[in-house]
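Below: the structure, in structure tokens.
Note that ligands are numbered from 1 as they come in the structure, with each ligand's atoms numbered from 1 the same way.
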Amino acid sequence: FAEIVRVQEALRTRFPEAGGRPVQVVEPPLPLPLPAVDLSGLPSERRLPEAERLALAESRHPFDLARGPLIRLTLLRLGEGGEESRVLLASLHHIVSDAWSVAIFYRSLTRLYAAFAAGQAARLEEPPVQYADFAVWQRRWLEGEAREREVAYWGRQLAGLPVLELLTDRPRPLTQRFHGAALQLRLPATLSAAVQALARSRYASPFMLLLAGFQALLHRYTGQDDIVVGSPVANRQRGEIEGLIGFFVNTLVLRTGLSGEPSFGELARRVRETALEAYAHQSLPFEMLVEALEPERDLTRQPLFQVMFQLQNVPLPEVDLGGARLEPLEVESGTAPFDLGVDLIETGEGLALVARYSTDLFDGTTIRRLVEHYGVLLAAALADPERPVGEIPLLGEAETHQLAREWNDTATVVAAGPVHRLFERRAAEVPSAVAVAFADEKLSYGELDRRANLLAHHLIALGVRPGSPVALLLERSVEIAVAMLGVWKAGGAFVPLDPESPRPRLERMLEEVFAGGAPLVVDPDRLALALERDGRPEVPDVLPDVAVGPGSPAYLIFTSGTTGHPKAVRVDHGSLANVLSVSQRDLAWDSRDRMPVLAAYSFDIFLFELWNPLLAGGRADLFALRPMPDVRRLVVALPAMTRLHAVPSLMRGIVEEIRGQGGRIGGLRTVFVGGEAVPPDLLADLLEVFPGAEVRVLYGPTEGTIICASHEVEDARAWRPLIGRPLGNTLLELRDRRGQRVPPGVAGEIWIGGAAVSRGYWNRPELTSERFSREDSGWYRTGDLARYRADGVLEYLGRADEQVKVRGFRIEPGEVEAALRDHPAVREAVVVGREDEPGQRRLVAYLTCEPEAAVLDEGLPELESEQVERWRTVYDTDVFGRSAAELEDPAFNVSGWNSSLTGEPIPAEAMREWV
Ligand code: AMP
Ligand code: MG
């Protein structure tokens, strides 16, 4: 050791302060202390663990930079276990060493040891320059124009650097704690040869190909097109410094664009170009780069890149010293400097991989899966380099089976027949039981069925045939149940319309449904007419003889459309009967069930709330919705109920009301909540205020027949909203942009298949083919993003598009924007959902106006669209640098503030960016 320290000045350097700045002081050669610790007194099985513990403790022991020395040695004697073995702990401060230095240290040590052991004197050759020489040279170089040139290069190269959004298993801590762990994997031996072969034919280095594979993996994991990783370079570009111990290593930021669907070969070409350029600019120290670029300060992440990647091609060898063998001892540090660092090591028997990851962010299983996917991707990419990166397989066979089969093993046989037939059977069993109630009205099962028969005959007389749409325009009343049932019995599909919608909107909907033909509308007059004929001999009140099959439409329900018009989803009897029958069985509905109906009938969840109790012989209690649901009355009624469903915003109101009225309500069997993301804290509240009740999250779009997944909440500890698993006969898959399955843990779009898939949009083949595929038995692409937990439960991650939910209402901002733009005073409009206070999401419209329009003189634009009134549009002008108070000043001219900012109209895209 004394000899190594003699020739390597860095190991004799300390860093005291002089005049407020650190300086290097090189001490004369001195022998190093080598304390020895004898562990041979311990039982043999405890010696190695104790050595590892001491190694870890030693590595955490700080150095005194000012006093030195910055190398520390300890020799542990483990004792005889057949062989005498010792562990040498050598700690070198990073300021005087790097990985390359460690290799030099190791090599020097083995040479000297072998020589001394053979009784020979040995000296190391003195290097031509020392670290201090390099430091002086580097400083001069950086003081010249080189620094500016390098900073300019990197500034260009790293402009607008993205953050790599690898999904984590836990929320990111507010400050990094560097807790970590590592796992190892051996990549198939054939892979090394394949890398070498392709590298030769592409004039790329193996590192470049391995990096291309890794960046492709990160691209597939994150969906991001701009992938940044860090990678260390030895930074020893001159022969004179090759043999020096010292801190030379630098970190390069390697940024590769993956846009344009490149093949793997093309990606490798891009990586090669990036890497070659980066090597040419490798000498600007990373810390200076960070200083120069001033990335936004973020304590939760490392600056510039979050994932590290390197290929080590010189592992420390095992050395035979003649009578003794020297080998490196791995000690787990329990730390990780980055979110993830992947080291590949060429071992002679193929590539070994070490992944070091933050345990604050990731579970070991997640990282293991990731590196296994790396192996699968790499093998496939090397075998077929012309394949687009987006199509390279990631999943092994077992995983594919798990995703496609095990987690979608939902096939089941449930009660057959359309819902009205199932209801008729129930009605015959309990004719006098109360079926539906609203305020003072009550309808028994028998009466409901009889009235529905009357309506059906009336509708048939009016020309309703199997598959005909029949619009419902009804106030809230028990007659809604009569109307739905009557339409079904006549073979028709009902279309629930809200009579409070503005007339033009209603007209547009009728136009859409009846495609210009004469609309058939059941309103209170028509219903009265049908029922008036009660008792006349020519009008039977028995079941009309109309056959509907599983492929006949049961209802059309409108939902917001991106292009400015709502679109009607067509759901068939087979799908509706399936979801209700599965619910009847899985949730064991029975005649004691009683449920408040809180949804508006123009939303499909109304069908869940109404027909679940009615198929079981139970009772549905309609509650008034206008002007708002009366939460106080509801809570008073709840003790008589067995099930409850509400959207999260309403559920919050219910929880508060229950707490206000005394605390808890026992006796409910199931509390359902869904329709939009359900925050875990709301679930915790529900578990508390409804003791004994099963709490269930429901998920599903209208196009997936009311609900297609459900999650039974056991505890509310989940970090993100969970939506559970697919219901009976329903398939859910997570797919990427190209329609390929994504692995567990990775965000994908939810695709719905099986019985839940609806038939598409009524009279809208183009819209239908955008979202529905006919592959297999049909799929619907929801636009919802989710990922699988390791146990197959789906975790909701948000939307892939602009769609928002406001108090359970599904809104395409594009529809509202189109309505706003239709107004003569409005030039451009951008609409977003904003949640400035938790749980208080609202729609906010940002407008620019036509220059001539003196909008404020007339008040804000009067929009005929119902959304604008109902969903409380707020004209938020802050982005334009004006306060709302200024806007309210009638003297203030909108076109004035609009153009004062830019001098010209603001395009929608620019507005969207500001928003
Ligand atoms: P709708 O067609 O009105 O039922 O709206 C369907 C959309 O509501 C879905 O595509 C989701 O975006 C959202 N949604 C419904 N249920 C949930 C849930 N439990 N968690 C998160 N989002 C939900
Ligand atoms: Mg829904």
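Salt bridge status for Arg789 with Glu795: absent, with no side-chain N to carboxylate O gap under 4.0 Å. By the 4.0 Å N-to-carboxylate-O rule, Arg738 lies too far from Asp736 to be salt-bridged with it.
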Does ligand 1 have any N/O pairs with the protein under 3.5 Å, and how far apart?
{"residue": "ligand 1", "atom": "2 (O)", "partner": "Thr702", "partner atom": "N", "Å": "2.8"}
{"residue": "ligand 1", "atom": "2 (O)", "partner": "Thr702", "partner atom": "OG1", "Å": "2.6"}
{"residue": "ligand 1", "atom": "2 (O)", "partner": "Arg810", "partner atom": "NH1", "Å": "2.6"}
{"residue": "ligand 1", "atom": "3 (O)", "partner": "Lys805", "partner atom": "NZ", "Å": "3.0"}
{"residue": "ligand 1", "atom": "4 (O)", "partner": "Gly700", "partner atom": "O", "Å": "3.2"}
{"residue": "ligand 1", "atom": "5 (O)", "partner": "Lys805", "partner atom": "NZ", "Å": "2.7"}
{"residue": "ligand 1", "atom": "8 (O)", "partner": "Gly675", "partner atom": "O", "Å": "3.3"}
{"residue": "ligand 1", "atom": "8 (O)", "partner": "Lys805", "partner atom": "NZ", "Å": "3.2"}
{"residue": "ligand 1", "atom": "10 (O)", "partner": "Asp784", "partner atom": "OD1", "Å": "3.4"}
{"residue": "ligand 1", "atom": "10 (O)", "partner": "Asp784", "partner atom": "OD2", "Å": "2.5"}
{"residue": "ligand 1", "atom": "12 (O)", "partner": "Asp784", "partner atom": "OD1", "Å": "2.6"}
{"residue": "ligand 1", "atom": "12 (O)", "partner": "Asp784", "partner atom": "OD2", "Å": "3.4"}
{"residue": "ligand 1", "atom": "12 (O)", "partner": "Tyr796", "partner atom": "OH", "Å": "3.4"}
{"residue": "ligand 1", "atom": "14 (N)", "partner": "Gly675", "partner atom": "O", "Å": "3.4"}
{"residue": "ligand 1", "atom": "16 (N)", "partner": "Gly675", "partner atom": "N", "Å": "3.2"}
{"residue": "ligand 1", "atom": "19 (N)", "partner": "Leu698", "partner atom": "O", "Å": "2.7"}
{"residue": "ligand 1", "atom": "20 (N)", "partner": "Glu676", "partner atom": "O", "Å": "3.4"}
{"residue": "ligand 1", "atom": "22 (N)", "partner": "Ala677", "partner atom": "N", "Å": "3.4"}

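The list of ring pair (Phe, Tyr, Trp, His ring centres under 6.0 Å) pairs with a residue in residues 754-776, not counting sequence neighbours, reads Tyr761-Phe772, Phe772-Tyr780.
Using a distance-only test at 3.5 Å, with no hydrogens or angles considered, no donor-acceptor pair links the side chain of Asn729 to the main chain of Ala755.
For Pro499 against Leu506, the heavy-atom pair with the smallest separation is O-CD1, 4.3 Å.
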Determine whether Ser710 and Arg696 satisfy the following criterion, side-chain hydrogen bond (donor to acceptor under 3.5 Å, both in side chains), listing intermediate values before the conclusion.
CA-CA 7 Å; Ser710 138; Arg696 255 182 197 281; 2.5 Å; yes

